[in-house]
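The block underneath contains the structure these notes are about, expressed in structure tokens.
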Amino acid sequence: MIGTGTIVNTIAVIAGGIAGTAIKTGLSQRYRSIIMQAVGLSVVIIGVSGALQGIFRVTAKGAIDRGDIMLMIFSMVAGCIVGEWLDIEARLDSLGQWFQSKFARGDGNFAEGFVTASLLFCVGAMAIVGALDDGLNGDTSTLFAKSILDGVSSIVFASTMGIGVAFSAVSVLVYQGAITLAAGFVKPWLTPEVIGQMSLVGNVLIMAIGINLLDIKKIKVGNMLPAVFIPLVYYLIQQIAH
């Protein structure tokens, strides 16, 4: 059934978030801090490695070729302008605050956990490619693999940020579900190049999330989310122009 992958992913995030919250009660602030630093470094490495994989290619002659950088830069700039205008990050934070007021009063880290986990679970290449595979071919293998990773990540994040991480499952359900349902409509334009470019931008955003986790600089990653879809818009404009 189309959408099964997203449903399983959602359940995995909820289960991991609940388990991690239970662990949190037994961890001192000292251990929470070092765990968050370890997670932040890991997220940066994941983002950097994914971005480099999308940028650099080995040619038939064995040389390393660099591509898609200009489109990546354009996508980031254009997407940030749109996202800043929509103020997506503030809306996500408001949603997190609303959930907190209804279900977790007194949890000061709730909104932070909700926003951080929502972004991390939604902007990656597996979220995009997996949701598209589910919608186009009914192939849930990528999202099932992502479910395992997200479930483990939820445990780690919730052990430091609390139950807000579990509520990020709502974002996963809406975001991946929307991509899955829309996949059939945009199928003619989803070339391997377009999907690769979307994944590249997603990996850049993952790196930005890692920087936030390390408290190096606060980056409004939520306002950068539209950048992921700019390569598709760019391709559509090219097709219309020709």
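From a predicted model like this one, the values you see are computed outputs, not experimental measurements. Below, each value reflects all heavy atoms present in this structure, side chains not excepted, and no hydrogens, waters or symmetry copies. Numbers here are sequence positions counted from 1.
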| task | Taking the side chain as every heavy atom from C-beta outward, state whether Val8 and Leu143 have any pair of such atoms under 4.5 Å apart. | result | no
| Shortest non-hydrogen separation from Lys146 to Met126 and the atoms involved | N-CE, 3.6 Å
| message | Tell me whether Lys218 at atom NZ has more than 12 heavy atoms from other residues, nucleotides or ligands lying less than 6.0 Å away. | response | yes
| Same apolar cluster (I L V M F W Y, side chains within < 4.5 Å links), Val186/Val82 | yes
| said: Within this structure, what is the CD1-CD1 distance for the pair Ile23 and Ile18, rounded to the nearest 0.5 Å? | reply: 12.5 Å
| remark: To the nearest 0.5 Å, atom CD of Gln37 lies from atom OG1 of Thr160 at 11.0 Å
| Has the side chain of Ser101 got a donor or acceptor atom that lies under 3.5 Å from a matching backbone atom of Trp98? | yes
| Intermediate values then yes/no, side chain to side chain contact (heavy atoms under 4.5 Å, CB included), Leu190 and Leu136 | CA-CA 10 Å; Leu190 289 172; Leu136 294 174; 4.2 Å; yes
| Exercise: identify the closest heavy-atom pair between Ser75 and Val201 | CB-CG2, 4.0 Å
| said: Any non-hydrogen side-chain atom of Asp133 less than 4.5 Å from a side-chain atom of Ser141? | reply: no
| Asn137 (side chain) donor-acceptor with Asp139 (main chain) under 3.5 angstrom | no
| field | Step-by-step side chain to side chain contact (heavy atoms under 4.5 Å, CB included) determination, Val204 to Met72 | value | CA-CA 9 Å; Val204 173; Met72 182 268 289; 4.2 Å; yes
| said: Donor-acceptor pair, distance only, cut-off 3.5 Å: does the side chain of Arg91 make one with the backbone of Gly222? | reply: no
| task | Check whether any side-chain heavy atom of Tyr234 sits under 4.5 Å from a side-chain heavy atom of Leu71, and report yes or no. | result | yes
| said: Determine whether a donor-acceptor pair (N or O, by modelled atom type, separation under 3.5 Å) exists between the side chain of Thr116 and the backbone of Gly113. | reply: no
| query | Would a distance-only check, ignoring hydrogens and angles, find a side-chain to backbone donor-acceptor pair under 3.5 Å from Asp134 to Thr180? | reply | no
| field | Cluster overlap Leu173 with Leu149, hydrophobic side-chain contacts below 4.5 Å | value | no
| task | Report yes if the side chains of Met224 and Ile209 come closer than 4.5 Å at any heavy-atom pair, otherwise no. | result | no
| field | Nearest heavy atoms of Gly17 and Ala158, plus distance in Å | value | O-CB, 3.3 Å
| message | Taking atom CZ as the centre, does Phe144 end up with more than 12 heavy-atom neighbours from other residues, nucleotides or ligands that are less than 6.0 angstrom away? | response | yes
| said: Under 4.5 Å between side-chain heavy atoms, counting indirect links through other Ile/Leu/Val/Met/Phe/Trp/Tyr residues: same cluster for Phe74 and Val194 or not? | reply: no
| request: Write down the atom of Ile179, the atom of Ala131, and the distance for their closest heavy-atom approach. | output: CG2-CB, 3.6 Å
| remark: One should read off an interatomic distance between Ile7 CD1 and Thr140 OG1, to the nearest 0.5 angstrom, of 11.0 Å
| said: Is there a side-chain hydrogen bond (donor to acceptor under 3.5 Å, both in side chains) between Asn223 and Glu89? Walk through the geometry before answering. | reply: CA-CA 5 Å; Asn223 288 357; Glu89 180 117 345; 6.0 Å; no
| said: Checking Ile128 against Gln176 for the side chain to side chain contact (heavy atoms under 4.5 Å, CB included) test, could you report, in this order, the C-alpha distance in whole Å, the side-chain angles of both residues, the deciding distance, and whether it holds? | reply: CA-CA 7 Å; Ile128 299 168; Gln176 290 182 182; over 6 Å; no
| message | Contact between Gln197 and Ile230 at the side-chain level, heavy atoms closer than 4.5 Å - yes or no? | response | no
| query | From Ile46 CD1 over to Leu41 CG, what is the distance, rounded to the nearest 0.5 angstrom? | reply | 11.0 Å
| Is a donor on one side and an acceptor on the other found under 3.5 Å between the side chain of Asn203 and the backbone of Ser199? | yes
| query | Minimum heavy-atom separation for Ala227 to Pro231, with atom names? | reply | O-CD, 3.4 Å
| Val43 with Val152, same ILVMFWY side-chain cluster at under 4.5 Å | no
| note | So CG of Leu95 and CZ of Phe99: to nearest 0.5 Å the spacing works out to 4.5 Å
| query | Just wondering, do Ile88 and Pro226 contact through their side chains at under 4.5 Å, heavy atoms? | reply | yes
| message | With rounding to the nearest 0.5 angstrom, report the OG1 to CD distance, Thr191 to Gln239. | response | 8.5 Å
| request: May I ask whether Ile148 and Phe157 are part of the same hydrophobic cluster, defined by side-chain heavy atoms of I, L, V, M, F, W, Y residues being less than 4.5 angstrom apart, directly or through others? | output: no
| What are the two closest non-hydrogen atoms of Met161 and Leu213, and how far apart are they? | CE-CD2, 3.8 Å
| Check against side chain to side chain contact (heavy atoms under 4.5 Å, CB included), Leu225 and Val221 | CA-CA 7 Å; Leu225 276 176; Val221 181; 5.8 Å; no
Could you give the side-chain donor-acceptor pairs of residues 117-125 under 3.5 Å, partners two or more places apart or in another chain?
from	atom 1	to	atom 2	distance (Å)
Ser118	OG	Phe114	O	2.6
Ser118	OG	Ser171	OG	2.9

| task | Answer yes or no: does atom CD of Gln53 have more than 12 heavy-atom neighbours from other residues, nucleotides or ligands under 6.0 Å? | result | no
